[in-house]
Amino acid sequence: MGNNQYIDIFIEESQEHIENLNSNLLLLENDPENRQVIDEIFRSAHTLKGMAATMGFENMNKLSHKMEDVLQEVKNGQLHISHAIMDILFKCVDTLSEMLDSISQTGEDNVPIDELIFLLSGVSSKPGNKENIVQKENNASGKDTLLNVYEEDIIREAAKDNYKAYKITVHIDKGCVMKSARAFIIFNSLDEIGDIINSSPSVEDIEDEKFEDSFTVHIITKEDKESIEKRLLSIAEVNNVEVELINIDLNKEEEKFVKEASSLQSQSFENIKKSQSNNKTSKSVRVDIDRLDNLMNLVSELIIIKTRLEGLEADNKNSETVSAIEYLERITTNLHDAVMKVRMVPVERVFNRFPRMVRDLSYELGKKIVLNMYGQDTEVDRTVIDEIGDPLVHLIRNSIDHGIEIPQERLQNGKPEQGTINLRAYHEGNNVIIEVSDDGRGIDIEKVKAKAVEKGIYTAEQVNDLSKDKILDLLFRPGFSTTDKVTDISGRGIGLDVVKNKIESLNGSIEILSEINKGTKFIIKLPLTLAIIQALLVKVGDEKFAIPLNSISEIVHKKEEEIHNVQGKEVVLFRGKVIPIIRLNEVLETKKISNNGNLMCVIIKKGENLACCTVDELIGQQEIVIKPLGKYLSNVKVIAGATILGDGQVALIVDANNLF
Amino acid sequence: MSLYVIAKIDEEEYAINIEKVLTIEKVMPITRVPQTESHVKGVINLRGEIIPVISLRAKLGLAEKEYDEDTRIVVLKAYDMLVGMIVDNANEVVDIAEEDIDNLVFNEASDEFGKFVSKVGKIKDKVFLILDLKKLLDIRV
């Protein structure tokens, strides 16, 4: 297929439109009369249709086309939003997203759509009218623009106030370079003298330059034919204008549509203008992540060179040079911040799938749940964002399934019938915090205790001495689930331990707060980025290594004689615990430096476990950029990557998780 | 006609298809990487990118030689990765005609060269051993 180079863009853009459809459908469900939302949905479906057709995805094209038909009826007020229609539309969106998955995997959109097409045709009320719309859509030259009933109503209503309706066909010079811009001027000019009712091709298409060299608009105005002609012909590159007075039977009036119609009329062009300013995509540029990485590399290089220059500056007495270098330093710091910011994406990207999920699951379980989201614009490095989706899905499912009670139970307990789940994201220092909380039944501490005893983790006496936090922590143990029944939604064996593992692998942490009958709150703490970390630089032998700060618990001095040999392994007593000694010079195969019996020990942690790493010298804490060692060395376990130090030297990053 | 970079180990001349060569660098500080095979010398910082470096001498089973003014790191770009290769010298590019390239049959078990060379090229009566990067970089397909 010749479209290969566009497929990535197609998939990405389609995904955005599908997400857009999903979130707007949810809005529509709660506010069925919201015209703007309907227009937004219609636009997304329309764009999807167009893109699918261009790329040759027949099924996708067909389905979105059919959706568009139904939406058109909704837009025109011929169809009222019902639960049934919403369900079908949601199913369509799901199917579209399935197709997209299939396209990204196999390059084909082979997903059955017959049933949905049938359902969509079922809800569609007036097949005849529908055909008209389709015909109008396809009619790119715009010669036979049809007015629909509502537009006729507008004209009728306007005629009462001495407005006249005209059909105007504008021919633009064939050599015109920016047709859409020219059209925009024409629209603006017409707007000054009256109101534009519709246009053919649609305003969207005209904006996208999807028209030959002429288009047709219907307009109501008090001006006469000649002055309109004169007005339009005065615009550059307008070749010819045909203005035609429209006579509509004034008696065929239906009062009930008028109100709606006149609002429609004022919206028609206003909306388009608004959508231009609302449209986020028009203000952003798509950039391949590789290019960003490349940019990041170059900036890192610049910082290194800058550090070298600073070193030279010390011997330099020339104040000109000194101030130039200081300026350079300021710029590079700003540049570094700016590049880091470019890599950041709002958590919205992950959050926006949750409203739909909560809706579906609460229907399924017969629960009433509202999801509130805060801080969607909190930004996180994209290395993190791709990873946090699954853990969050799991926690929200948990809340819906186990947390929130069924409505009767809630009423009995004196709570509002509708349960609430709050999803909150915010920055805290160099971390991002994401909280998932519900006002459900909370975690029954006694039940957890009983389970712990039953599983043989603790004895009955031990369990009573444990603090509440410790007991809640038990929930993160593998295979520890307090639910008696396994449901389809959660409790399928993948437990909180998986969530915890995932978050810890991202160098984050998670904790639970829970109060019985009041609710449960999960607090996830994640680093802003995985590409830049705080690390402790140490010397082992005469080589420099970096140890990530978040895996260091503390630094202590030990004496050689404090080391004991237990079953052939060296251990040391640390805060009443026996922990293994890891001699880094052996693991990292460096020179052995005599230490006179004094050991410098970095205590590293992996979850609950500690180990004592011996190093020869501490250099200090530093922010480092993690770079991979390269594919050729991908099997070196103890090294997590490398970083470039200020002097251009490479220091390896010790992977504390793989040391023991 | 294709161009080949000539890398020297002692007096032996090895040819590398120029399309697989990203750049040729003078020796720079190499950071040793633990728990690797002996032919892996470590990693270098090539303009902000971390690149593993191997020694062709070690790969061929020859004794290492002190790095000097002539020593070069030939950065290979093959099989989706970048690998630097240390050679005694690399300052020549030759043009070998397609018809002057012959397949070689080595006894892989006994001959060290046979492990990494599967073709030879000729220019007049000079013979170049063409390095087989797939074998050299241990690519298993």
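Below, read A as the first sequence line, B as the second, and so on, with proteins coming before strands; counting in each chain starts at 1.
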Just to verify, what does B:V94 make a side-chain contact (heavy atoms from CB on, under 4.5 Å) with, not counting sequence neighbours?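 side-chain contact (heavy atoms from CB on, under 4.5 Å) check on B:V94 returns B:Y4, B:I6, B:E92, B:I96, B:I123, B:F128.
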Checking side chain to side chain contact (heavy atoms under 4.5 Å, CB included) between [X] and each of [options], which is the one that passes?
X      : options                   : value
A:I603 : A:V572, A:L610, A:I555    : A:L610
B:I16  : B:L3, B:V93, B:V74, B:I24 : B:V74
B:I86  : B:I73, B:L56, B:I54       : B:I73

With sequence neighbours left out, the residues meeting side chain to side chain donor-acceptor pair (under 3.5 Å) with B:N89 are B:N91
For B:R57, enumerate each residue passing the side chain to side chain donor-acceptor pair (under 3.5 Å) test, keeping only those at least two apart in sequence or located in another chain.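 Partners of B:R57 under the side chain to side chain donor-acceptor pair (under 3.5 Å) test: B:D10, B:D88.
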Nearest heavy-atom pair of B:L136 and B:F116: which atoms, and what distance?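 Looking at all heavy atoms of both residues, the shortest contact is CA-CD2, 3.5 Å.
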Distance-only check: which donor-acceptor pairs of chain B and chain A lie under 3.5 Å?
| residue | atom | partner | partner atom | Å |
| --- | --- | --- | --- | --- |
| B:T31 | OG1 | A:V650 | O | 2.9 |
| B:R32 | NE | A:E543 | OE1 | 3.4 |
| B:R32 | NE | A:E543 | OE2 | 3.1 |
| B:R32 | NH1 | A:L588 | O | 3.4 |
| B:R32 | NH1 | A:E589 | O | 3.3 |
| B:R32 | NH2 | A:E543 | OE1 | 3.2 |
| B:R32 | NH2 | A:E543 | OE2 | 3.3 |
| B:R32 | NH2 | A:L588 | O | 2.7 |
| B:R32 | NH2 | A:E589 | O | 3.2 |
| B:Q35 | N | A:E589 | OE1 | 3.0 |
| B:Q35 | N | A:E589 | OE2 | 3.2 |
| B:Q35 | NE2 | A:V587 | O | 3.4 |
| B:H39 | NE2 | A:Y632 | OH | 3.2 |
| B:N45 | ND2 | A:G648 | O | 3.0 |
| B:G48 | N | A:E301 | OE2 | 3.0 |
| B:G48 | O | A:K627 | NZ | 2.6 |

Give, as side chain, backbone, both or neither, the part of B:V33 having an atom under 4.5 angstrom from any heavy atom of chain A. both
Applying a strict 4.5 Å limit to non-hydrogen atoms, the region of A:L629 in contact with chain B is both
